[in-house]
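In what follows, chains are A, B, ... by sequence order, proteins preceding strands, each numbered from 1.
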Amino acid sequence: MDKPTNNNFITNIIDNDNNTNKFGGRVNTRFPPEPNGYLHIGHAKSICLNFEIAKNYKGTCNLRFDDTNPEKENAEFIKSIKDDIAWLGYKWDSIHYASDYFDQLYSFAQKLIKENYAYVDASTPEKIKEERGTLTEPGIKSKDRNRPAEESLELFDKMKKGFFEDGEYVLRLKIDMSSPNLNLRDPIIYRIKKLTHHRTGDDWCIYPMYDFTHCISDAIENITHSLCTLEFEDHRNLYEWIIEKINHKNRPQQIEFARLSIEHNLMSKRKLSELVERNFVKGWDDPRMPTISGMKRRGYTPNSIKDFCSRIGITKKNSFIEMGVLENTIREELNISANRIMGVLDPIEINITNYPENTTENIVAPYNPNTENSKKRNISISKKVYIDRDDFMEHPDKKYFRLSLGKEVRLRHAFNIKCEKVIKDKNGNIVSLDCTYDPKSRDMKKGNKVKGMIHWVDANNCIDAQINIYDRLFKNSNPSSLDDFNDKSLKIKKNAKIENNLDVKDINARYQFERVGYFFKDKNSTNENIIYNKIVSLKDSWKKINKKGD
RNA sequence: UGGGCCGUCGCCAAGCGGUUAAGGCAUCGGGUUUUGAUCCCGACAUACGUAGGUUCGAAUCCUACCGGCCCAGCCA
């Protein structure tokens with residue numbers, strides 16, 4: 001397995017820092033999610049980056065919840081985030097909450113006020129917005145900008161003590177209202193929110209903003225390399241300004257990299273939670289979701305996700321990864337590890353007319369033909385079997401080499417059959433097929449040479465199951481809204497027939513249904529209603545050939 | 001329009017002044033295979049957004065232009 005993080009521009013920077021002894025050889029990172037949603041594959045990219053760098057450089061990686069906005073955050077999200085990181089196989093060196101730093105943050109704010117770097121502003125939100133200026137026009141200084149430090153200090157204290165309502169006052173940094181970087185136009189660093197916080201309860205009614213909190217939290221934790229996504233590039237100046245003005249001994253370095261985008265997916269927590277809330281999908285862990293929990297439920301493994309993260313690389317270039325890259329990582333792993341059995345998703349009944357009545361024979365086949373000395377399985381066969389609807393065509397084109405009327409095909413691991421008769425209902429739908437088999441073809445050298453081979457299941461000895469088949473979540477390769485949702489993203493096969501070697505008690509087993517794909521037991525599966533999810537198809541060059549013909 | 005970034009094969013991505021411009025995915029050939037899977041072999045950028053310039057020598061340095069992304073939350 002490849003390392004989840006190869007060398008990239010960030011490791012180049014770290015190498016350089018180590019050479020110049022910038023941080024005394026230390027490398028400390030952190031993964032800082034806001035607990036306002038479930039983690040997705042884009043977070044996995046950041047998790048792998050931060051944890052692998054810590055591992056490779058013998059440093060540390062903390063988990064820190066950026067919980068400065070009680071409006072959107074809760075304990076359920078905290079739990080799911082911890083679970084997902086642990087499931088991926090990473091252990092944080094220590095766990096922190098930005099809310100643990102509220103006292104320290106408050107004193108740093110006081111310090112800045114005293115030194116005339118911050119002031120309490122009574123302007124309304126509208127006024128502040130108006131005075132911020134635009135991309136091309138400078139802002140206007142607030143009327144409160146020159147409020148004496150003593151007065152600001154007193155007001156800040158009153159804000160903290162709950163004298164005022166939400167929005168009445170804010171604490172602002174005094175930087176530069178005409179800066180071309182809007183983040184430097186006296187950014188707000190504290191606002192009043194009379195809300196209960198999931199950890200600090202009602203201790204606070206003022207909460208620090210991200211820009212103020214993040215850099216100081218990094219400094220407190222002695223983070224050396226603070227890795228974040230590209231949209232924070234414009235915040236770096238502010239990050240550094242704050243660290244400098246509070247004169248902290250630690251000077252973490254913020255480095256930005258491109259966030260992950262995958263074709264036919266959306267990677268914003270806001271949009272993903274909308275999918276959940278508006279019931280496009282059945283929860284955050286719906287197997288179609290690009291969430292860690294969704295992928296886990298679908299059957300992806302931690303290694304396949306890490307492998308994916310290593311393949312896509314780390315750069316500053318906004319890019320879209322093709323779905324195939326993701327699918328291929330899990331295929332590669334499962335090709336080696338998954339046991340093979342047969343499963344018929346869309347059954348047609350076959351009567352083998354010349355096969356003896358009330359007889360069952362046993363066939364021995366390997367669980368994985370690519371593995372030397374693979375364990376063997378026993379498969380039964382009898383007069384009645386099921387094959388997949390796709391594997392029969394009444395009037396095939398010449399490139400089709402599965403079963404058709406009058407033609408012979410091999411049942412995998414068993415013998416050759418020839419289709420003699422197609423039985424249809426009144427509407428012309430195929431109900432079943434009468435076939436004959438060639439007993440001597442049990443020894444493949446003795447039967448006719450046939451090109452096609454199809455999978456099947458003994459109708460007298462099989463497991464009934466429901467199979468969920470998933471397709472891309474969005475029709476559009478670069479979806480812009482939920483309007484692009486693919487309403488055919490879930491197909492349910494209610495009448496699937498699975499080879500009896502399926503171990504329904506094994507909740508960790510991933511199977512290859514031969515010639516079809518890889519499958520994993522769904523969490524809603526019960527003894528009465530067995531449900532498996534398709535993780536991914538096998539590559540299918542027939543599909544391609546077939547398409548070309550059109 | 002101000003500022004900050006980014007532009008190497010269909011999709012990712014190495015490359016850091018002298019290389020035949022790595023590698024993966026995809027694609028296309030061929031071989032093995034009774035999974036149209038896997039596996040194996042081969043092909044796949046005289047070319048690095050464009051145009052100039054510096055240099056004996058440039059994807060790598062400079063200039064200009066073109067294209068894309070981000071910023072005007074009391075979100076993170």
Side-chain angles (χ1 to χ4, degrees), chain A residues 2 6-9 12 32-34 36 66-69 71-73 121 123-125 128-130 132-139 166-172 178-185 187-193 206-207 209-211 213-214 228-237 256 258 263 269-270 310-329 331-332 335-336 340 342 368-370 399-402 409-413 416 444 447 449-455 512-517 537-546:
Chain A
D2 290 329
N6 305 313
N7 289 345
N8 53 57
F9 82 97
N12 289 348
E34 183 188 13
N36 67 342
D66 238 324
D67 56 349
T68 57
N69 185 359
E71 223 168 281
K72 306 192 289 182
E73 298 152 4
D121 195 340
S123 304
T124 61
I128 289 175
K129 185 182 164 72
E130 200 184 303
R132 185 147 33 225
T134 69
L135 295 179
T136 50
E137 298 159 315
D166 290 13
E168 268 188 78
Y169 289 95
V170 288
L171 182 66
R172 288 230 256 173
S178 57
S179 171
N181 180 349
L182 306 209
N183 295 117
L184 264 25
R185 318 243 264 227
I188 292 165
I189 57 167
Y190 265 92
R191 75 291 212 191
I192 301 170
K193 271 182 195 281
I206 57 171
Y207 292 94
M209 301 274 290
Y210 166 85
D211 284 311
T213 308
H214 203 92
C228 64
T229 42
L230 251 28
E231 67 272 26
F232 292 102
E233 280 177 318
D234 288 339
H235 295 243
R236 192 174 58 242
N237 283 164
E256 312 85 12
E263 289 188 346
K269 272 194 250 178
R270 224 203 83 235
S310 94
R311 292 182 192 208
I312 57 177
I314 301 289
T315 65
K316 289 173 82 87
K317 184 169 101 184
N318 285 311
S319 58
F320 269 86
I321 309 293
E322 291 171 339
M323 284 285 272
V325 180
L326 220 204
E327 294 174 342
N328 225 48
T329 59
R331 268 196 206 106
E332 262 180 41
N335 176 46
I336 291 168
R340 270 121 245 232
M342 293 190 283
N368 189 335
N370 297 154
K399 283 184 196 143
Y400 185 86
F401 45 83
R402 275 111 96 156
V409 78
R410 187 169 183 82
L411 295 183
R412 183 158 170 79
H413 305 300
N416 297 354
M444 63 180 185
K449 244 201 147 122
V450 294
K451 205 165 184 197
M453 182 171 61
I454 62 176
H455 58 276
Q512 184 194 107
F513 292 179
E514 296 189 84
R515 300 208 315 131
V516 181
S537 307
L538 254 34
K539 280 189 194 158
D540 187 357
S541 55
W542 162 245
K543 213 182 207 166
K544 253 184 265 170
I545 294 163
N546 203 17

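- The nearest whole Å value for the distance from the CD atom in A/E322 to the P atom in B/rC9 is 13 Å.
- For B/rA43, the paired nucleotide is B/rU27, the pair qualifying as Watson-Crick or G-U wobble because both relevant distances are below 3.5 Å.
- When rounded to the nearest whole Å, the span between CD of A/E327 and P of B/rC12 equals 16 Å.
- Contact between A/P369 and A/R412 at its shortest, heavy atoms only, is CG-NH2, 4.2 Å.
- Residue A/L326 contributes atom CG, which lies 13 Å from atom C1' of B/rC12 at whole-angstrom precision.
- Rounded to whole Å, the separation between the C1' atoms of B/rA13 and B/rG24 comes to 8 Å.
- Between A/K316 and A/E233 there is a salt bridge, since a side-chain N of the basic residue sits under 4.0 Å from a carboxylate O of the acidic one.
- For A/R311 against A/T329, the heavy-atom pair with the smallest separation is NE-CG2, 3.6 Å.
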Just the atom pairs and distances: protein N or O near nucleotides 6-8 of chain B's N or O, under 3.5 Å.
residue	atom	partner	partner atom	Å
B/rU8	OP2	A/K317	NZ	2.6

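- Base pairing of B/rU33 is not made with any nucleotide, judged by Watson-Crick or G-U wobble geometry with both donor-acceptor distances under 3.5 Å.
- The ring-ring contact (aromatic ring centres under 6.0 Å, His included) test applied to A/Y207 returns A/F102, A/H197, not counting sequence neighbours.
- Side-chain atoms of A/S123 and A/D121 form a donor-acceptor pair, as typed in the model, at a separation below 3.5 Å.
- Rounded to a whole Å, the CG atom of A/N237 is 18 Å from the P atom of B/rG2.
- Shown here are the ring-ring contact (aromatic ring centres under 6.0 Å, His included) partners of A/H235, two or more places apart in sequence or in another chain: A/F232.
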Identify all pairs in which a protein N or O lies below 3.5 Å from an N or O of nucleotides 37-43 of chain B, and state each distance.
residue	atom	partner	partner atom	Å
B/rA37	OP1	A/S541	OG	3.2
B/rU38	OP1	A/K539	NZ	3.3
B/rU38	O2'	A/N335	ND2	2.7

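- For the C1' atoms, the distance linking B/rC39 with B/rU33 amounts to 9 Å, nearest Å.
- Using a 90° window around 0 for the glycosidic torsion, B/rG73 falls inside it and is classed as syn.
- Look at B/rA22: it lacks any Watson-Crick or wobble partner with both distances under 3.5 angstrom.
- With a cut-off of 3.5 Å on both Watson-Crick or G-U wobble distances, the partner of B/rA64 is given as B/rU50.
- At a threshold of 4.0 angstrom between heavy atoms, the contacts of A/S179 with the nucleic acid are absent.
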Per-nucleotide protein contact string for nucleotides 70-76 of chain B (B base, S sugar-phosphate only, - none; heavy atom under 4.0 Å): BBBSBBB
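- Base-pair partner of B/rU55: not found among the strands shown (Watson-Crick or G-U wobble, both distances under 3.5 Å).
- The base of B/rG36 is paired with the side chain of A/R402 by a donor and an acceptor separated by under 3.5 Å.
- For the pair A/F320 CZ and B/rA13 P, the computed distance is 13 Å after rounding to whole Å.
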Give each protein N/O atom lying under 3.5 Å from an N/O atom of nucleotides 15-18 of chain B, with the pair distance.
residue	atom	partner	partner atom	Å
B/rC16	N4	A/N12	ND2	2.7

